[in-house]
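Remarks on the structure that follows.
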Amino acid sequence: MQLQGKKIVLGITGSIAAYKAAMLVRLLVKEGAEVQVIMTPASKEFITPLTLSTLSGRPVLSEFFQNADGAWNSHVELGLWADAMIVAPATASTIGKMACGIADNLLVTTYLSMKAPVFVAPAMDLDMFAHPSTQRNLEVLRSYGNHIIEPAVGELASHLSGKGRMEEPQAIVQHLKDFFFADKNLVGHKVLVTAGPTYEKIDPVRFIGNYSTGKMGFAIARECAEQGAEVLLVAGPVSLPTPHPAIKRIDVETAVQMYEAATELFPECDAAVLCAAVADYRPTVQADEKIKRTEDNMTITLQANPDIAATLGLQKRDNQVLAGFALETNNEKANAHAKLAKKNLDFIVLNSLKDKGAGFSVDTNKVTIIDRDGEQEYALKSKADVARDIVSYLSRLLIVALFLFMPSQISAQELNATVTLNTSKVQGTNTEAFDVLRESLTEFINNRKWTEYTYEEHERITCNFTFIVDGYSDDGSFTCSLMVQASRPVFGSTYNSTIFKYEDQGIKFTYQPYDRLDFTEDNLDNNLTALIAFYAYIIIGFDMDSMGEMGGSEFLNKALNIANNAQNLGDSGWRAGSTNNNRYTVIDDYMNGAMEPLRLLVYRYHRLGLDTMFKDAEGGRKVITECMNLLKEAYENRPLAYITKLFTEFKQDEFVNLYSYEGGESEKREVVKILSEINPSQSDAWDKIEKSAFK
Ligand code: CTP
């Protein structure tokens, strides 16, 4: 049920493949989507509206007005209602109308009003598909940001065989899922991409150029934009449309112009991918008049162009990532390694002209990514898929760069812990021991380096360790409970969002004033420091999970290790199975594969939701609403996991704040439904959201 609650407009046009639309509707409904079918008049010759309305459970729309009562079928409302529109099958005629805005039926008017992403699955004869007119129209749709689901190669209705057969319904649904669950790792980042050849003028009618088409660079620019980046695309002379509306394109012709644009833009970017095939030399003199044929031999003197990659390599700050390409014909890896070092790149993408299907003009590529630590070879893939590999490599480096090289680093102090000891239950005993313990714990938590990462001021975690001492005796033995609470700051605001909160009970340890608090991972015999280390790693792990997809594994595994190794300490809470909400199960459940949806949620909720709300409140909240489906999935995968419940508990005030004032009625209801199912005991909080839906 990965498309649970998604609202899909499915446009069906007059192609023989329309019969497949029935299967498509069924699959979408099975995945939990609400489907509104719109048919063009011609499509009704191929499949009946009755079939489709039965399968979708909604009346099929086709005309601008209902014949019976003249009610208007509002394409504007449909454009706002939908989370996605699919046109499948899409005939050459409808594709042409969509490209040119010819709004003579309800399907095209709805397309023109559509606010949500649009997917187009063409279906036609091979020659129609290959015709330059169709291809140009598809390019135009791509440039509007529409997703073209390429037709498959196979036998066609005409009995000819070739490219034009509509992609199978399963594959179309997969495209949709890939889109909704795509990585959005570059939100908040700005990326510079250079692409295409450069032309170096000889005279007014001639130039020195190369065979680069710009396809690889444009695919990378598109992928970066898809993943949420702001993209600056510096393009040499190519005949490609801008592949995504979020790309700012700067057209240049010569290497010098490309150099000027790139060096000016790079300082404001977080990363640059240099795909352009820049001419190494330009004619020393560019003739003003056309050069006439005179002698049998002629010589053009060339002078070196600036090396853009090497210049940006010099300009590069530690928190910027710079990537280049190397197209080699011999000694490939050695040459690529040399370029990596010479140009101070973070990684280089090598393609060899020796590999079939790699390089200029073709739609495929086979690359090896090389960085200072090693190399990774990839299979032959479409340029779009290669772009995805490269961008995912880039985004990983960006996260590392962000953590390792913050411009104004604060040394250590990742946790900023406040320690409180509530001793009201044990008054009259040795108060000095309590004061010394509080100070020693504060020092132990805040001075120890729990990670190699350093945090910039606006990224620092804050946390509270509150001990409630239930029992104490002069031999130094304590019984207490501990409330741990940690928050991370939300980007662009002064708000701190709770990332972990847990009340741990029945803790026992011994401490004499001035005992040295120390912790080593292979020696856990001090229950107090093992406990603190456990929570320190959990907090850092949750924080890093909120910064990158499952980014906290290293630290969460350390916490899990402590819990596993402390099983023999004899104190309650470390052991599996004692109760279903002890500290062991909290981490054990969270790290279980079945709970991956919850870990993905922690990232999407904070990074793509809360962190983006300062510039797009509604968009951020929409992401958060979508996250509720992940919460539900985690709950369904492991209904008894306490951590899912815990999450809804410590986030409840935030949920109420997010939804009580803003958000649509159906959105609120959906959220309340999921939260009530997972955690019925917090119904007061969920009621507040529910009630606000009626305001
Ligand atoms: N590059 C650049 N500016 C140049 C030349 C190259 O930015 N004037 C970049 C390319 O975009 C590519 C990388 O440098 O990312 C390597 O390009 P390539 O032409 O293979 O490197 P060269 O240094 O020109 O080496 P060669 O001697 O092989 O031509």
Side-chain angles (χ1 to χ4, degrees), residues 2-6 83-84 115-117 179-189 226-230 246 395 398-399 402 458-459 461 486-501 541-552 590 595-635 643-644 646-664 666-675 678 685-686 689 692:
Q2 280 183 293
L3 299 176
Q4 183 67 41
K6 290 271 181 285
D83 294 310
K115 295 274 184 215
F179 172 80
F180 282 120
F181 294 99
D183 295 334
K184 289 269 189 274
N185 291 328
L186 295 179
V187 173
H189 289 297
E226 293 274 331
Q227 293 214 23
E230 199 182 328
S395 69
L398 265 175
I399 291 178
L402 215 69
H458 68 262
E459 301 229 311
I461 306 168
S487 337
R488 78 188 291 277
V490 170
F491 196 69
S493 88
T494 52
Y495 174 67
N496 278 303
S497 173
T498 301
I499 45 166
F500 185 76
K501 188 170 169 185
F542 269 81
D543 180 58
M544 290 204 181
D545 263 13
S546 83
M547 296 297 289
E549 265 186 27
M550 306 217 282
Y590 189 63
M595 299 295 280
E596 235 171 62
L598 182 65
R599 295 194 62 193
L600 291 179
L601 172 153
V602 167
Y603 165 68
R604 291 197 188 139
Y605 181 101
H606 293 99
R607 198 81 189 107
L608 311 181
L610 286 184
D611 280 353
T612 61
M613 284 187 88
F614 76 100
K615 55 177 181 195
D616 177 10
E618 202 178 321
R621 206 188 46 252
K622 203 162 172 217
V623 172
I624 289 172
T625 305
E626 280 164 10
C627 283
M628 295 295 174
N629 289 318
L630 288 170
L631 191 62
K632 190 165 175 233
E633 206 178 321
Y635 173 69
I643 180 76
T644 324
L646 187 68
F647 183 83
T648 62
E649 256 157 51
F650 66 66
K651 286 290 191 193
Q652 66 167 254
D653 291 345
E654 196 166 282
F655 292 158
V656 172
N657 282 337
L658 278 166
Y659 290 103
S660 290
Y661 309 103
E662 308 287 336
S666 60
E667 185 182 21
K668 293 178 181 191
R669 293 245 168 76
E670 203 175 309
V671 168
V672 168
K673 201 169 135 219
I674 295 174
L675 291 172
I678 297 174
W686 317 145
I689 303 178
S692 74

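With Asn185 contributing its side chain and Ser395 its backbone, the two residues share no donor-acceptor pair below 3.5 Å. Side-chain N or O atoms of Lys668 include one that pairs as donor or acceptor with a backbone N or O of Tyr659 at under 3.5 Å. In this structure, the side chain of Ser493 engages the main chain of Tyr495 through a donor-acceptor pair within 3.5 Å.
For Glu667 and Arg621, the salt-bridge test passes: some basic side-chain N is under 4.0 Å from an acidic carboxylate O. Under a 4.0 Å N-O distance rule, the pair Lys622/Asp83 qualifies as a salt bridge. A salt bridge links Glu654 with Lys651; the closest basic N to acidic carboxylate O contact falls under 4.0 Å.
Put simply, the side chain of Val671 does not reach to within 4.5 Å of the side chain of Phe655, judged on heavy atoms. The side-chain heavy atoms of Glu633 and Gln4, taken from C-beta on, include no pair separated by under 4.5 Å. Counting heavy atoms from C-beta outward, Ser546 and Tyr603 have side chains that stay 4.5 Å or more apart. Ile678 is not listed as a side-chain neighbour of Lys673, based on a closest heavy-atom distance of 4.5 Å or more.
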Inset, instruction - Give the intermediate values and the outcome of side chain to side chain contact (heavy atoms under 4.5 Å, CB included) for residues Glu626 and Lys6. - result: CA-CA 9 Å; Glu626 280 164 10; Lys6 290 271 181 285; 3.5 Å; yes
* To do: Determine, step by step, whether Met550 and Leu600 satisfy the side chain to side chain contact (heavy atoms under 4.5 Å, CB included) criterion, reporting the C-alpha distance in whole Å, the side-chain angles of both residues, the deciding distance to 0.1 Å, and the verdict.
  => CA-CA 6 Å; Met550 306 217 282; Leu600 291 179; 4.3 Å; yes
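Of the candidates Asn629, Leu630, Thr648, Asn629 is the only one forming a side-chain contact (heavy atoms from CB on, under 4.5 Å) with Ile674.
Partners of Tyr590 under the ring pair (Phe, Tyr, Trp, His ring centres under 6.0 Å) rule, at least two apart in sequence or in another chain, are Phe542. Under the ring pair (Phe, Tyr, Trp, His ring centres under 6.0 Å) criterion, Phe614 pairs with Phe491, sequence neighbours left out.
The nearest pair of heavy atoms linking Ala685 to Gln652 is CB-OE1, 3.5 Å.
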